[in-house]
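Below, each value reflects all heavy atoms present in this structure, side chains not excepted, and no hydrogens, waters or symmetry copies. Chain identifiers are assigned alphabetically (A, B, ...) following the order of the sequence lines, protein sequences preceding nucleic acid strands; residue numbering begins at 1 within each chain. Owing to the predicted nature of the structure, the values given are computational and were not obtained by experimental measurement.
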Amino acid sequence: MQDFSDNSDVVSPLWISTDSPMVDVVVGIEAYAIRNLENNPFPMTLQKDLRHEICDEICYGIDGIFETRDMVSELNIMERQYHWERFHIPYRLVAQPGGALLLLSSDESLTAIISGIDYVTLRLYSGNADFNWAVSELDVVLNRLNENHEWAFHNRYGYLSSNPAFCGNGFILSILSHLPGIVLANRMNELKKIINAHGLGIGGIWGGGIESVTPFIRIYTRKLIGKNKERLQEDVGIACNAIVELERESRNRLLETNELILKDKVYRAYGIAAYAGFLERWEFISILSSFRLGATLALLPLSVRSIDEMLILGQQAHIAKKYAQLSTPIEISEYRARFLRKKLSIN
Amino acid sequence: MAKKHEKKCEICGKESAEIKVIQFIGGKRIKLYVCKKCSLEVGIREQLRRDEATFATARGLEHACPKCGWRLQDLIDTGLLGCPSCYDEFDAEIKSIMEHFHGAMPDEDIAQEDIKTRIEILESQLRKAIKEERFEDAAHLRDIITKHEHIKELFPG
């Protein structure tokens, strides 16, 4: 069997290793802020050179906050995918980098995309479900930008985005959650009731629609117009507590009434992980979901955060970055299976 | 590719309906089956991306924003607008999209059912906060419940 040399530089983002009281259900949170320059066409309509020029103008005053700065178009496709897997950029920029600039803080919890589909997109990630803190951190960066720029604002639609779905108070808050109890106990209708009542939406953890094979779910603020940011924080905070409670209650109920089914799910995943020669991405994520459930119910001797780290490190571009000689899907799937066995200390 | 339905076009009544469109008219979601000719002539287009939001326009898809030149066709192709002025220029066309994404505006005009659900959730969290002696959280939750009950009174079902 091939032996691969190990590039140990590839580690998971620091924020995903943070402990928190809701870590059994909440993988992390994302706070997102969007701004566009007043009286300017949105970036996607501009030529690449002009977008580059505007990047420097916008970055004035905030460069010191970030450690790295990359033109997304100068990254190759695997590097762009790597950033997507770490939640730094949306998938649209993997496919069409255009004239966007990516700025990253030293711990990767704060990113800025300048001249993407909007002029300024700030994202903050935290392992702790504290939306008030997250929004106040974004406000620090926004206040610096506010000193030099005027933003496009509409009386009816609020802060404007090139995407009509993102208009409003200029913030989008997301809960990156793990909800296997709700899924297994068939309580999605109760989840949807909470989500609908608070103007939230539901999707895949990396964006896009729900990836129905796994219970890793992103719940985000959808109704943004007519709500100020305090109201948004309040709504998502209340909904987050309700969702965590629903998930914990579902898990406990399953443990009391369907213990065999629950254990089968967890131990079956362990069996596959122990013997699989190849693991494609979706199966890998599904197995980690079962492991995460098992860890929170003390059925497996694993920490939840070590599983979250594996979730990132087992993605395609992360594997390709760690082992440059792997290039085909089969090689990557084979490595993924070996990676998981190594993490579980199975020979 | 448009599916061919067996029914006749609901606009001209003559040709076979080939395209299903969903329109938001008067705040209601209405399904229409139309032929290709009628869909072009009255500016109706198929579902906008997978969110099934679409819009009706009498001005045609080549109509462009005078400020940036972005056309309605560009909106369909990309899901994006071209400049801040597009929001006013295409106000009639994007109104239904905005309602689809953001729901009724202003926010207080929310369904009674949603207010009831929110109050139930808040009361459950209030009981938990009191039980765990988190009195500051409890006071804050009580304030939010009062606000919601006030909204409920203002907009009875």
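Looking at every heavy atom in both residues, B:Gln125 comes nearest to A:Ile238 through NE2-O, 2.9 Å. When all heavy atoms of A:Asn40 and B:Pro84 are compared, the pair lying nearest together is O-CD, 3.1 Å.
Under the ring-ring contact (aromatic ring centres under 6.0 Å, His included) criterion, A:His154 pairs with A:Tyr157, sequence neighbours left out. A:His198 is linked by a ring-ring contact (aromatic ring centres under 6.0 Å, His included) to nothing, counting only residues two or more places apart in sequence or in another chain. With sequence neighbours excluded, the residues satisfying ring-ring contact (aromatic ring centres under 6.0 Å, His included) with A:His88 are A:His83.
Most heavy-atom pairs under 4.5 Å with chain B: of the set A:Pro164, A:Ser161, A:Pro41, this distinction falls to A:Pro164. Between chain B and the residues A:Gly168, A:Ala165, A:Gly199, the most heavy-atom pairs under 4.5 angstrom are made by A:Ala165.
A distance of 13.5 Å separates NZ in A:Lys193 from CZ in B:Arg118, rounded to the nearest 0.5 Å. Note that SG of B:Cys83 is 10.5 Å distant from CG of A:Leu46, once rounded to the nearest 0.5 Å.
Taking non-hydrogen atoms and a 4.5 Å limit, the residue list of residues 131-139 of chain B in contact with chain A is empty.
Interface residue A:Ile194: backbone and side-chain heavy atoms are both found under 4.5 Å from chain B. With a 4.5 angstrom heavy-atom cutoff, A:Leu224 touches chain B via backbone and side-chain atoms both. Neither the backbone nor the side chain of B:Ser85 comes within less than 4.5 Å of any heavy atom in chain A. Neither the backbone nor the side chain of A:Asn36 comes within contact range of chain B; no heavy atoms are under 4.5 Å apart. Contacts of A:Glu234 with chain B are made by side-chain atoms alone, with heavy-atom separations under 4.5 Å and no backbone atom involved.
Sparse packing is recorded around CD of A:Glu150, with 12 or fewer heavy atoms of other residues, nucleotides or ligands lying under 6.0 Å away.
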Tell me, with the steps shown, if A:Arg156 and B:Met98 meet side-chain contact (heavy atoms from CB on, under 4.5 Å). CA-CA 11 Å; A:Arg156 199 182 325 149; B:Met98 299 306 269; over 6 Å; no

A:Met44 vs B:Leu81, test: side-chain contact (heavy atoms from CB on, under 4.5 Å). Steps then yes/no. CA-CA 9 Å; A:Met44 297 287 269; B:Leu81 287 166; over 6 Å; no

Could you walk me through whether B:Cys86 and A:Phe42 pass the side-chain contact (heavy atoms from CB on, under 4.5 Å) check? CA-CA 10 Å; B:Cys86 289; A:Phe42 297 128; 5.8 Å; no

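Residues A:Glu190 and B:Thr117 have side chains not in contact (no heavy-atom distance under 4.5 Å, counting atoms from C-beta outward).
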